[in-house]
Amino acid sequence: MATLAGTGEAERVLVKTNLFTSLKSKENRKPLRKLYAYSVFLVVLPIFTFFVTRDYLVRKLDLEEKRWDLVSGLAAILVTNIIIGTYIVDAFSEPGDGNEHKKKQL
């Protein structure tokens, strides 16, 4: 415990934290679950989109065979950008903005 001598302020407690203790914290569980879900989406959905687009949708459009991978790749890139954009919007719309601790001190 560290105190500030002569300042008249209340005692401040220094707490050591590391990655594992902060990950176990209840306040970090919801953001970590959200990060995990978006990570899974980033791995699974673009690959799924690529193969579904190439094997089903592009063949029905009667495109040349050499363009199948191009169109499928563009669809996978689009899905990846949508996932990243959704994550960003979701992260900025969370109720806690990190300044709550500063507001409580004032």
Let me check something: do [X] and [Y] share a hydrophobic cluster, defined by ILVMFWY side-chain heavy atoms less than 4.5 Å apart, either directly or through other members?
{"X": "Tyr87", "Y": "Ile84", "value": "yes"}
{"X": "Ile88", "Y": "Leu45", "value": "yes"}
{"X": "Leu74", "Y": "Val52", "value": "no"}
{"X": "Leu42", "Y": "Leu78", "value": "no"}
{"X": "Val44", "Y": "Ile77", "value": "no"}

Rounded at 0.5 Å granularity, tell me how far [atom1] in [X] sits from [atom2] in [Y].
{"X": "Leu61", "Y": "Tyr56", "atom1": "CG", "atom2": "OH", "value": "15.0 Å"}
{"X": "Leu57", "Y": "Ser72", "atom1": "CG", "atom2": "OG", "value": "8.5 Å"}
{"X": "Leu70", "Y": "Arg67", "atom1": "CG", "atom2": "CZ", "value": "7.5 Å"}

* Let me see the working for Phe50 and Asp69 under side chain to side chain contact (heavy atoms under 4.5 Å, CB included), right down to the final yes or no. => CA-CA 8 Å; Phe50 178 84; Asp69 289 336; 3.7 Å; yes

* Asked: Got a donor-acceptor contact below 3.5 angstrom from the Asp90 side chain to the Thr86 backbone?
  -> no

* Give a yes or no on whether the backbone of Ala76 and the side-chain of Thr49 come within a donor-acceptor separation of less than 3.5 Å. => no

* **Audit row: Phe41, Val79, side chain to side chain contact (heavy atoms under 4.5 Å, CB included) steps and yes/no** => CA-CA 10 Å; Phe41 292 154; Val79 167; over 6 Å; no

* Asked: Would you say Lys34 has more than 12 foreign heavy atoms packed within less than 6.0 Å of its NZ?
  -> yes

* Please say whether more than 12 non-hydrogen atoms of neighbouring residues, nucleotides or ligands are located less than 6.0 Å from OH in Tyr38. => yes

* **side chain to side chain contact (heavy atoms under 4.5 Å, CB included) assessment of Val40 paired with Tyr36** => CA-CA 6 Å; Val40 170; Tyr36 176 73; 3.8 Å; yes

